[in-house]
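Note on naming: letters A, B, ... go to the chains in the order of the sequence lines (proteins, then strands), and numbering restarts at 1 for each one.
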Amino acid sequence: MQAPWGKRRGLEAADGSPREYPLVCHLCDTAAAALVLWEDHTAPGVREWVANELDMTPHEAGRFIAYLAGLHDIGKTTPGFQCQDSTDKNSVDTIRHEIASYLAVPTLIEHPEKPASFISGIAHRIGEILGGHHGVFPPVDRRTRKPLHVPELGGPEWDTARRTIHTELRAHLNPTLPTCLPQPVAAALTGLVIVADWIVSDARWILESQWDAPIGIAARWEHTLNATRARVHQLGLAHPTPGPLDLARILGGPNRSPNPLQQSIIDDFHPTGPGLLTIATPTGSGKTETAWIAAHKLATATDRYGTLMCLPTQATTNSMWARTSATVDNTVTLAHSMAVFHSPYRHYSTHDPDALRWLNGRKRPMLSAHAVVTIDQLLAAGLTAKHNMVRQWALTGKVVIVDEVHACDIYMLTVLARVLEWLGRLGVPVVLLSATLPGHVSRQLTAAYLTGAGCSSPNPRPVAYPGWVWHPITGSPVEPRNRAQISRAHARTARVTVTHYTGPVEAAAANAIQPVAKNGGCAAVVCSTVDTAQRIYIRIRDTYPGMCVWLLHSRFPHAHRAEIEADIVSMFGPAGDRPDGVVVATSVIEQSLDVDFDVMISELAPVALLFQRLGRVWRHDNPRPAWATEPTLHILDRDGALPYGPAAIYRDSLRELRATRAALAGHGTLIRIPEDVSTLVQQVHNRDLDDLNDLQSQRERRDAGLANIVAIPNPHQLGHLETMTCPDVDDATVAARLGMDTIRLIPAHIGIDGRYYLDPKHEIPYPQGRPPHRFVEAALNASITCPAHWVRDWPTNPDWAGTHLADTVLFPNTCHDGLRLDPELGLVKGNQ
DNA sequence: AACAAAAAAAAA
Ligand SMILES: [Fe+3]
Ligand SMILES: [Fe+3]
């Protein structure tokens with residue numbers, strides 16, 4: 001039989017005629033790449049951890065992993081694959097080649113263990129790893145006959161051909177087969193094999209580096225090892241070498257001294273291995289720097305020197321990326337769906353184009369030792385989505401930092417808890433950052449990590465606010481000795497009052513900002529719904545004609561919203577000129593804007609959110625108008641039934657909404673920060689999920705249940721690897737977040753020539769065919785996001801499939817079907 | 001009187 005071929009795509013000769021790259025060459029390349037990844041990409045702590053799990057030395061483990069990778073495409077040695085374009089195509093049975101690898105390998109490798117059946121034992125698990133090399137684990141083959149007799153694998157001559165390759169590989173690598181191979185380790189190693197395969201499947205690299213190398217494994221090994229090592233380093237995949245903690249750089253200057261929180265991490269936090277550190281602190285307390293200091297200690301303690309920073313929004317992720325890349329010498333990737341449109345990152349990517357072009361590919365950014373990502377990227381590792389094992393592998397060599405944990409809803413928390421179980425199991429240290437965290441959430445996440453790490457009866461200690469708690473995987477929790485000092489650093493008092501209004505909320509809001517209208521100063525009015533914000537804005541604008549009023553919500557064109565936010569920060573941010581006026585906004589205001597108002601008016605909301613908002617009152621050290629004697633938040637509420645807007649928005653948290661009312665009434669208007677914040681948040685939000693059976697609890701259990709359906713199994717309850725990935729479910733249905741779907745509207749102004757234009761002046765025409773990057777960027781900047789069910793059956797542009805404009809709809813003349821884009825109000829529904 | 005904000009769905 002002729003030597004089987006392995007690759008053809010992209011390898012055609014200059015005249016276009018097909019050329020074949022021998023299978024044994026591709027397998028040798030992959031084996032070498034895996035060995036290089038093991039040596040240079042894998043964190044030393046991970047090498048040791050894997051070796052322990054496999055009960056081998058790290059050196060043996062590396063050989064074994066190279067051997068695994070060297071077998072991944074052995075299933076291409078089948079009649080169906082090798083003869084796929086011959087004339088008698090229909091006479092041979094075909095089978096996907098990764099399935100063929102899964103079926104053939106367990107027998108091929110001659111593992112000394114004698115399992116009861118094909119599907120039990122280490123050999124089968126090794127088969128599953130190889131069968132999973134396209135990102136989905138193979139369905140377990142429960143047929144009773146011997147796999148050797150599966151007709152798709154071909155007759156004895158095919159078996160011989162596979163044995164020939166296997167013998168050559170084994171003779172060269174001389175691998176030791178493991179006697180234990182736990183499922184979570186197998187899943188992570190599958191990720192490593194996949195990355196090796198990706199690296200050596202680049203057609204240009206094959207042609208430039210490998211095409212003329214000798215065919216035999218032994219003969220080409222040295223060359224290939226050197227070539228793949230160069231490639232791994234070129235792609236930015238080398239693991240960083242540890243360095244000393246550069247405190248001055250982290251704190252932003254040699255003269256900066258750490259604050260009490262940071263000092264307590266320096267003094268009292270001494271990890272000796274993996275564990276979970278939970279830090280609960282107000283924003284603006286230097287928690288990022290605190291996390292970096294802690295991460296450095298954790299990296300040293302676990303010999304894993306990568307970092308992964310996860311945040312809830314693209315905007316905060318972008319700014320965290322800027323800070324991180326300025327603080328870290330190594331490459332830092334940015335990962336979210338719109339990262340390619342973040343121009344500082346595009347520019348940064350041109351500094352090291354070889355590495356970043358590769359790392360910025362789909363599912364790859366987290367493979368960089370340092371990455372800043374939306375939390376969705378992390379959660380995707382815990383969903384039964386294709387290639388989740390690549391993400392799991394990417395997590396192993398890092399300290400994982402999750403910021404703003406308090407922003408997660410029940411669904412996300414459930415997935416996060418599952419990811420934490422896995423991180424515990426994989427020995428990955430984790431830092432959670434949060435504002436006040438309800439006790440039951442803190443306990444749930446800690447218990448998840450500890451049980452994942454193998455603690456049978458964890459006794460988690462909830463984090464005190466402000467402060468931190470460290471749960472090592474063995475031993476008892478550790479807290480800072482100087483918590484009083486940390487607390488004192490944030491001490492202040494504030495006033496939270498409740499105004500009961502009758503009649504329209506616009507009137508109540510207009511009334512509440514009277515001092516600003518009369519005597520100057522600045523106020524923010526935070527509304528529950530966009531519609532309310534628009535109405536209140538109009539009312540205030542018309543009631544006080546001389547006063548400045550700004551409107552901010554999420555239903556402006558993307559670039560317009562960015563402009564408004566920039567304006568507001570330039571006025572009320574750290575170095576703002578603080579003009580007199582009122583900002584009317586929705587909850588966008590509490591997202592990431594570092595702004596400071598003299599007073600704030602807010603519709604009713606759960607108390608944790610109210611405190612987020614209160615954080616924007618008297619935030620910086622600014623002069624105040626005479627009428628503003630203390631930081632104050634006025635809450636607008638009705639007597640009796642909950643007001644319409646808040647009841648609609650927080651319909652799944654009505655219990656917290658009512659509890660907030662009661663708690664504020666019981667507490668009185670004086671708030672001592674931080675202790676009252678902690679007390680009230682716990683009073684309103686802390687509970688156990690199962691102790692009630694009202695509608696809200698049922699919904700919460702439903703959401704948690706939905707999360708458990710799309711999440712991967714608990715690492716300790718994992719049977720066959722097939723349950724890790726759902727072959728029939730596409731990535732869109734396995735989502736990291738639940739909730740109303742949103743959609744982007746792209747302005748489509750119709751010109752006299754009948755063509756579409758992005759802008760009302762008809763200067764930017766829609767391009768023919770596939771849109772260039774510049775147009776896509778302009779269209780996204782002009783796009784307006786709204787609930788998807790508002791625009792059922794709106795026109796779409798088929799030319800945009802496969803670009804970032806896929807799944808958008810056209811907004812004819814920005815006035816269509818009851819929706820209208822108002823230059824002042826943003827997207828308006830109905831006839832306002 | 002029908003609803004904030006937030007993210008995301010292509011590899012060898
Ligand atoms: Fe393959
Ligand atoms: Fe391959």
Looking at every strand, decide which applies to [X] at a 4.0 Å heavy-atom threshold: base, sugar-phosphate, or nothing.
{"X": "A:Arg9", "result": "nothing"}
{"X": "A:Val200", "result": "nothing"}
{"X": "A:His133", "result": "nothing"}
{"X": "A:Thr742", "result": "base"}
{"X": "A:Arg561", "result": "sugar-phosphate"}
{"X": "A:Gln377", "result": "sugar-phosphate"}
{"X": "A:Ser554", "result": "sugar-phosphate"}

Looking at the side chain of [X], which of [options] is the nearest nucleotide?
{"X": "A:Arg737", "options": "B:dA4, B:dC3, B:dA6", "value": "B:dA6"}
{"X": "A:Trp198", "options": "B:dA4, B:dA8, B:dA11", "value": "B:dA11"}
{"X": "A:Asp741", "options": "B:dC3, B:dA8, B:dA11", "value": "B:dA8"}
{"X": "A:Ile649", "options": "B:dA12, B:dC3, B:dA7", "value": "B:dC3"}
{"X": "A:Arg364", "options": "B:dA5, B:dA9, B:dA12", "value": "B:dA12"}
{"X": "A:Lys363", "options": "B:dA7, B:dA5, B:dA10", "value": "B:dA10"}
{"X": "A:Asp807", "options": "B:dA5, B:dA9, B:dA7", "value": "B:dA9"}
{"X": "A:Asp197", "options": "B:dA4, B:dA6, B:dA12", "value": "B:dA12"}
{"X": "A:Thr529", "options": "B:dA8, B:dA11, B:dA4", "value": "B:dA4"}

Donor on one side chain, acceptor on other, [X] and [Y], under 3.5 Å:
{"X": "A:Gln314", "Y": "A:Ser337", "result": "yes"}
{"X": "A:Gln210", "Y": "A:Asp29", "result": "yes"}
{"X": "A:His804", "Y": "A:Arg744", "result": "no"}

Legend entry - Aromatic contact, A:His26 with A:His72 (centres under 6.0 Å):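 Yes, the ring centres sit under 6.0 Å apart.
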
Inset, instruction - Indicate, with yes or no, if the rings of A:His336 and A:His342 have centres closer together than 6.0 Å. - result: no

Between [N] ([atom2]) and [X] ([atom1]): distance, integer Å:
{"X": "A:Phe341", "N": "B:dA7", "atom1": "CZ", "atom2": "P", "value": "15 Å"}
{"X": "A:His406", "N": "B:dA5", "atom1": "NE2", "atom2": "P", "value": "17 Å"}
{"X": "A:Leu334", "N": "B:dA8", "atom1": "CG", "atom2": "C1'", "value": "15 Å"}
{"X": "A:Asp376", "N": "B:dA5", "atom1": "CG", "atom2": "P", "value": "17 Å"}
{"X": "A:Gln591", "N": "B:dA6", "atom1": "CD", "atom2": "P", "value": "5 Å"}
{"X": "A:Glu590", "N": "B:dA5", "atom1": "CD", "atom2": "C1'", "value": "8 Å"}
{"X": "A:Leu379", "N": "B:dA6", "atom1": "CG", "atom2": "C1'", "value": "13 Å"}
{"X": "A:Met740", "N": "B:dA8", "atom1": "CE", "atom2": "P", "value": "18 Å"}

Are [X] and [N] close enough that a side-chain N or O sits under 4.0 Å from OP1 or OP2?
{"X": "A:Ser337", "N": "B:dA9", "value": "no"}
{"X": "A:Thr313", "N": "B:dA5", "value": "no"}
{"X": "A:His134", "N": "B:dA11", "value": "no"}

Inset, instruction - Would you check if A:Tyr644 stacks with the base of B:dA1, given a 5.5 Å centroid limit and a 30° plane limit, both strict? - result: yes

Legend entry - A:Asp799 vs A:Arg770, salt bridge (Lys or Arg N to Asp or Glu O under 4.0 Å): CA-CA, chis, key distance, verdict: CA-CA 6 Å; A:Asp799 289 343; A:Arg770 195 182 160 85; over 6 Å; no

Inset, instruction - Return yes when atom NE2 of A:His560 has more than 12 non-hydrogen atoms of other residues, nucleotides or ligands closer than 6.0 Å, and no otherwise. - result: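 Atom NE2 in A:His560 is packed in, count exceeds 12.
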
